[in-house]
2 protein chains.
Amino acid sequence: MAEREVDRSVSQTVKAQLALRDQILSGSLRPGERISELQAVETTGASRTPVRMALVRLEEEGLLEAIPSGGFMVKAFSERDISDSIELRGTLEGLAARFAAERGVSARELEPLKECLAAIDELLRQVPISVDAFSSYVTLNARFHALLTELSRSPPLIRQIDRASALPFASPSAFVMAQSALAEAQQILIIAQEHHRVVIDAIENREGARAEAVMREHARLAVRNLRLALRNRTHLDLLPALALINAATD
Amino acid sequence: MAEREVDRSVSQTVKAQLALRDQILSGSLRPGERISELQAVETTGASRTPVRMALVRLEEEGLLEAIPSGGFMVKAFSERDISDSIELRGTLEGLAARFAAERGVSARELEPLKECLAAIDELLRQVPISVDAFSSYVTLNARFHALLTELSRSPPLIRQIDRASALPFASPSAFVMAQSALAEAQQILIIAQEHHRVVIDAIENREGARAEAVMREHARLAVRNLRLALRNRTHLDLLPALALINAATD
DNA sequence: TGAATACGTTATGTATACAATAGCAGGGGA
DNA sequence: TCCCCTGCTATTGTATACATAACGTATTCA
């Protein structure tokens, strides 16, 4: 295939990884479905070697599962897997918050976090919140969590949290909020924002235990609301990633 | 290279991964050192494709680090990275213990754990503990922790703990104990064994918070002793993995 | 008619060839 | 003498060819 157009600005491996992840998360590839290398080669435009590297990375990321007889399939997740992932992430973020509090952070380091907070406050003034504003919220929330994680100054912990966040639905707020009706989401967002505020306060005052506790509560709120949201699945299509859940095996 | 002898019983990728991990952990490859693919091909006996897959896996595992200009280098760890990893693992195992306690486990499921405990008790009767017995202890301790993790019945959590345990020095007891003089280790092992006993008791009685707390304390004991052990580095060569630490960059 | 076996097809695992880039060394100019 | 530019070399990134194993299908025998 000589006429294949190659984008040299980004490695074929990364390109393939992004494309495949996109296909999985968008639901083009269903959970349990075997991923054909040849098919992936065609859809991604990369050749087999980078595609295989991408598949290995996605397996390590937790999105794929190796088939004993060879090849990979899209991993299927149960409702409990998802709530466990949320709680897991909350636990790790709790540790990060505690590290930040105990190790101390300067006012300058907290500045970006507070800007995030203020921006979210601004969004939450809308009642009810618009779809656009909600989308902005999801971005800002992710940013807040990433910044908080960084504050721990612990590379191993940051790495682990990144891994735990690889599964998009493990991101508590973004996931759960997307599922609730936007009107209901408003209340949840307000509580979540309060959690954000408290964790900053705790870190500022070097209250490690409090910082940790509030992040764990943050996750438990998400789990609780996940259960509610799953009870009436009206908003299950708000996040493409949810296609994963629909076909979950158990 | 036609005369290369190929072992078909295990995949070349796995073979290469094991061989490379061994080289890293044994210290043949020093932290910060670039891993040459060609060299890896020669030492592992696999060709470049499986070697590359193994390198990607080891990177995801946290043993290697990608070099921006291409290729991989052995990751270097600071003392804080190591103590953070221990605390991280303790936190995750604490969550696992809590899950086990809250979700309930049958007496039959606790049986293997108790057998482990009894076997360790047997070893600890020796005063001072012999090198052989200590080696058995390390194995039994790893088994105990693995079984405990399983009790959580949470695939995402088990997966994450496995990842966190990939770094061998993140295994609290095995690592810290190896560094302390064996005579000192005896006391530490006895306390660790008490932790083990308490976590089982807590799980049996469905005391989630207590189960979690004791596992975290277990890790903190390890961190504390790590600091002590690093102060007088007499036993740094007991575990080959420690070669990593010697050349840690910061 | 059903089950088992054999054969063919297809997909993955592996090896290697080719291409491109980064790093280094040597030489020339300022 | 020092710096920069150019060319070479070595190593990685990518593509593809080949081998092998698994799965499906068809045919035959009981």
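Below, read A as the first sequence line, B as the second, and so on, with proteins coming before strands; counting in each chain starts at 1.
For the atom pair A/L29 CG and A/F72 CZ, the distance stands at 14.0 Å (nearest 0.5 Å).
Heavy atoms of A/I35 sit under 4.0 angstrom from primed sugar atoms or phosphate atoms, though from no base atom.
Protein atom NZ of B/K15 is 13 Å distant from nucleotide atom C1' of C/dA15, rounded to whole Å. Nucleotide D/dT16 holds its C1' atom 13 Å from the CD atom of A/E37, rounded to whole Å. Rounding to whole angstrom units, CD1 of residue B/I67 and C1' of D/dG13 are separated by 14 Å. To the nearest angstrom, P of C/dT16 lies 12 Å from CG of B/L38.
Inspection of the B/R80 and A/S154 side chains reveals no N or O donor paired with an N or O acceptor under 3.5 Å.
In terms of the side-chain hydrogen bond (donor to acceptor under 3.5 Å, both in side chains) criterion, residue partners of A/R103 (sequence neighbours excluded) are, by chain and number, B/D84.
Residues from residues 48-58 of chain A that place a heavy atom under 4.0 Å from any atom of DNA chain D, listed by number: A/R48, A/T49, A/P50.
Counting only Watson-Crick and G-U wobble pairs whose two key distances fall under 3.5 Å, DNA chain C forms stems of three or more stacked pairs at C:1-30 with D:1-30.
Looking only at distances, no side-chain donor or acceptor of B/Q23 sits under 3.5 Å from a matching main-chain atom of B/A40.
Along DNA chain D, the nucleotide nearest B/G70 and the nucleotide nearest A/R34 are compared for position; the residue whose nucleotide lies closer to the 5' end is B/G70.
Checked against C/dT12, C/dT14, D/dT12, the side chain of B/S11 finds its nearest nucleotide in C/dT14.
In this structure, A/V74 and A/R30 have side chains that are not in contact, with every pair of non-hydrogen atoms separated by 4.5 Å or more. Between B/L157 and B/T149 the shortest side-chain heavy-atom distance does not fall below 4.5 Å. Between A/M215 and A/H145 the shortest side-chain heavy-atom distance falls below 4.5 Å. When side chains are defined from C-beta on, B/I158 counts as touching B/E150, because their heavy atoms get closer than 4.5 Å.
Comment: B/R163 does not engage B/E60 in a salt bridge, judged by the lack of any side-chain N to carboxylate O separation of less than 4.0 angstrom.
Residue A/T13 has a polar side-chain atom (N or O) positioned under 4.0 Å from OP1 or OP2 of D/dT14.
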